[in-house]
2 protein chains.
Amino acid sequence: MSEKISPAVIRRLPKYYRYLEDLEGKGIDKISSSQMSLEMGLNASQIRRDLNCFGGFGQQGYGYSVRKLKKEIARILGLDQRYNVIIIGAGRIGQALMGYKNFMLEGFNVVDIFDNDPAKVGAEVLGREVQNISTLASYLKDKNIDIAIICTPKEYAQQSADLLVSFGIKAIWNFAPTDVAVRRGVAVENVHLSDSLYVLSYKLKEKIKGAGI
Amino acid sequence: MSEKISPAVIRRLPKYYRYLEDLEGKGIDKISSSQMSLEMGLNASQIRRDLNCFGGFGQQGYGYSVRKLKKEIARILGLDQRYNVIIIGAGRIGQALMGYKNFMLEGFNVVDIFDNDPAKVGAEVLGREVQNISTLASYLKDKNIDIAIICTPKEYAQQSADLLVSFGIKAIWNFAPTDVAVRRGVAVENVHLSDSLYVLSYKLKEKIKGAGI
DNA sequence: TAGATTGTTAATCGATTAACAATC
DNA sequence: TAGATTGTTAATCGATTAACAATC
């Protein structure tokens with residue numbers, strides 16, 4: 001349905017979702033945009049506008065039902081489904097993500113981890129045997145995998161992506177410190193850790209400079 | 001300097017930096033905004049505008065010197081310095097970051113890792129003994145630490161941040177799946193992994209929907 | 001000089017915020 | 001009903017893109 005939601009709004013949805021989860025955890029079942037504004041540090045107008053992108057489920061004079069709102073956002077983000085996930089690259093990051101319980105809880109089920117390094121293939125990572133990347137084609141034919149996480153060194157990132165896409169993967173979560181190009185119709189989301197660290201470094205410099213004045 | 005650089009520009013700088021590193025690796029020493037535009041998928045006007053924020057070091061009729069440009073961006077991001085880093089939380093993510101070689105290479109030197117879990121304190125992580133969080137105050141008085149990485153469960157994130165800030169830490173890289181509040185004068189950069197995964201989930205849904213039409 | 005490419009101004013686009021009428 | 005709060009339109013702000021004059 002509907003009006004084409006802007007990327008800026010989409011990026012805020014997880015934040016709303018986290019906040020609503022917290023409220024639910026505290027047993028709060030009603031919330032107003034002004035209260036959200038206070039606690040989340042967003043403008044109340046913006047919040048109302050954001051939440052209205054998917055058809056108003058607030059109630060004038062009352063506010064929003066926490067339960068309803070959270071459920072709705074989950075639906076929009078696709079969190080009402082379960083996803084099977086594989087990890088490409090059994091290095092530190094790959095292994096850490098393999099064991100990241102939160103994802104499991106949220107419906108992202110990491111089923112297998114792959115590597116091309118003979119030293120790693122066959123080893124156990126959290127009770128799962130590292131698979132040989134060369135078996136990926138037949139593996140993906142058999143199993144129903146929704147999302148692949150690329151945790152390879154940057155040199156292998158693009159070829160991993162190409163491989164995955166050629167075998168029908170439609171969503172890539174890329175942790176390699178480089179961008180990967182894919183054809184339209186494939187979703188990519190980058191987590192460029194060092195980019196984020198660089199921005200922190202910049203901010204730190206600015207803070208220090210600011211303090212000096 | 002200067003004119004107050006916009007956040008949107010800052011977020012693009014690491015991407016320029018990565019691209020210029022690649023060029024340098026290939027031995028290319030001259031680049032034009034139109035070529036960058038082609039290869040990076042950004043608008044050429046935007047690139048020229050971005051790079052001009054810090055005082056033009058392009059050359060009309062010629063382009064930009066890769067070496068000079070990269071060096072300049074590094075300086076702006078603060079990558080011409082070295083930083084001492086500690087990690088709070090010796091779980092999977094903390095341990096993975098501890099071993100992330102790239103950071104070291106870029107001047108971010110992870111010196112110690114802390115935890116509050118007696119089962120973890122004293123254990124070895126990559127040749128470093130996990131420190132007790134209760135020793136943090138005296139530790140920070142002795143050592144010169146620039147950046148702290150929060151890798152705790154979300155319940156501990158805010159109190160960790162409070163602790164760090166009260167002991168003088170000026171930059172926090174937050175991996176906990178929650179926002180932390182700090183006073184002005186402290187830089188925070190969030191890596192909300194699940195937020196990113198949720199956005200991927202959304203994009204995937206959109207792609208599938210798009211394909212259906 | 002002629003050709004190329006930057007630096008910069010002006011135009012466009014999109015996102016945020018303010019204001020208020022609709023309505024529970 | 002009166003008070004509160006949403007939904008929505010209008011105003012503002014910021015970011016992107018186009019265009020072109022400056023200049024190497």
Side-chain angles (χ1 to χ4, degrees), chain A residues 1-16 19-20 23 28-73 76 195 199 202 206, chain B residues 1-16 19-20 23 28-73 76 195 199 202 206:
Chain A
M1 342 71 198
S2 73
E3 288 301 303
K4 180 71 177 147
I5 300 159
S6 92
V9 176
I10 298 300
R11 296 249 159 233
R12 277 193 294 272
L13 290 185
K15 188 170 167 147
Y16 290 122
Y19 175 69
L20 291 165
L23 289 184
I28 296 167
D29 48 34
K30 180 223 127 170
I31 191 74
S32 71
S33 60
S34 60
Q35 188 59 27
M36 289 180 84
S37 168
L38 235 54
E39 292 181 21
M40 299 183 69
L42 301 176
N43 178 292
S45 277
Q46 183 172 64
I47 293 173
R48 290 201 296 280
R49 230 165 187 291
D50 283 358
L51 301 183
N52 216 234
C53 287
F54 337 98
F57 30 66
Q59 191 172 339
Q60 274 144 326
Y62 174 82
Y64 300 88
S65 149
V66 171
R67 213 189 100 271
K68 238 171 89 184
L69 193 51
K70 184 186 155 225
K71 203 170 160 190
E72 194 58 23
I73 292 179
I76 290 152
D195 287 22
V199 171
Y202 173 85
E206 290 300 297
Chain B
M1 355 91 189
S2 64
E3 289 302 305
K4 180 72 176 149
I5 300 161
S6 92
V9 176
I10 298 300
R11 296 251 158 231
R12 278 193 294 271
L13 290 185
K15 187 169 166 148
Y16 290 123
Y19 175 69
L20 291 165
L23 289 183
I28 296 167
D29 48 34
K30 181 224 126 170
I31 191 74
S32 71
S33 61
S34 60
Q35 188 60 25
M36 289 180 83
S37 168
L38 234 55
E39 291 180 23
M40 299 183 70
L42 300 177
N43 178 292
S45 276
Q46 183 172 63
I47 293 172
R48 289 200 297 280
R49 233 168 185 291
D50 283 357
L51 300 183
N52 216 234
C53 288
F54 337 99
F57 29 64
Q59 192 174 338
Q60 276 145 327
Y62 174 81
Y64 301 88
S65 148
V66 171
R67 212 188 101 270
K68 239 171 87 185
L69 193 51
K70 183 188 156 220
K71 204 170 158 189
E72 194 59 23
I73 293 178
I76 290 154
D195 287 22
V199 172
Y202 173 84
E206 289 301 298

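Letters A, B, ... mirror the listed sequences (proteins, then strands); counts begin at 1.
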Here the distance between atom P of C:dA19 and atom CD1 of A:I47, to the nearest Å, is 17 Å
Between CE of A:M40 and P of C:dT17 the distance, given in whole Å, is 13 Å
note: B:F57, atom CZ; C:dG7, atom C1'; distance rounded to Å ~ 13 Å
CG (A:L23) and CD1 (A:I31) are apart, to the nearest 0.5 Å, by 5.0 Å
- request: May I ask you to say what A:Q46 touches in the nucleic acid, namely base, sugar-phosphate or nothing, with a heavy-atom cut-off under 4.0 Å?
  value: base
dist B:K15:NZ -> B:M36:CE (nearest 0.5 Å) comes out at 10.5 Å
Among the nucleotides C:dC20, C:dA15, C:dT8, whichever has the atom closest to the side chain of A:R48 is C:dC20
With the side chain defined as heavy atoms from C-beta on, B:S32 is closest, among C:dT17, D:dT5, C:dT6, to C:dT6
On DNA chain C, more 5' by nearest nucleotide between A:A8 and B:K30 is B:K30
Between A:Y62 and A:R49, whichever has its closest DNA chain C nucleotide further toward 5' is A:R49
- With a 4.5 Å limit on heavy-atom distance, are the side chains of A:Y16 and A:L69 in contact? no
Any side-chain N or O of B:Y64 below 4.0 angstrom from OP1/OP2 of C:dG7? yes
Next on the checklist: Within the 4.0 Å heavy-atom criterion, would you say B:R11 contacts the bases, only the backbone, or no part of the nucleic acid?
Outcome noted: nothing
In this structure, CD of B:Q59 is separated from NZ of B:K68 (nearest 0.5 Å) by 7.0 Å
_With a cut-off of less than 4.0 Å, is there a side-chain N or O of B:S33 near OP1 or OP2 of C:dT5?_
no
To the nearest angstrom, the CG-C1' distance between B:D50 and D:dA18 comes to 16 Å
Measuring only between side-chain heavy atoms, which start at C-beta, is B:I5 closer than 4.5 Å to B:D50? no
For DNA chain D, consecutive-pair runs of 3 or more (Watson-Crick or G-U wobble, both H-bond-type distances under 3.5 Å) give C:3-24 with D:3-24
Interatomic distance, CD1@A:I10 vs CD1@A:I76, rounded to 0.5 Å, equals 7.5 Å
To the nearest angstrom, the CG-C1' distance between A:N52 and C:dT17 comes to 16 Å
B:K4 NZ to D:dG14 P, in whole Å, measures 11 Å
When rounded to whole Å, the CG to C1' distance for the pair A:N43 and D:dC13 reads 13 Å
*Side-chain-base donor-acceptor pair under 3.5 Å for B:Q60 and D:dT23*: no
Rounding to 0.5 Å, atoms OG (B:S33) and CG (B:L42) come to a distance of 11.0 Å
- Which part of the nucleic acid, if any, lies within reach of A:S45 when heavy atoms closer than 4.0 Å are counted: base, sugar-phosphate only, or nothing? base
CZ (B:R11) and OG (B:S6) are apart, to the nearest 0.5 Å, by 11.0 Å
Between CD1 of A:I31 and P of D:dT5 the distance, given in whole Å, is 10 Å
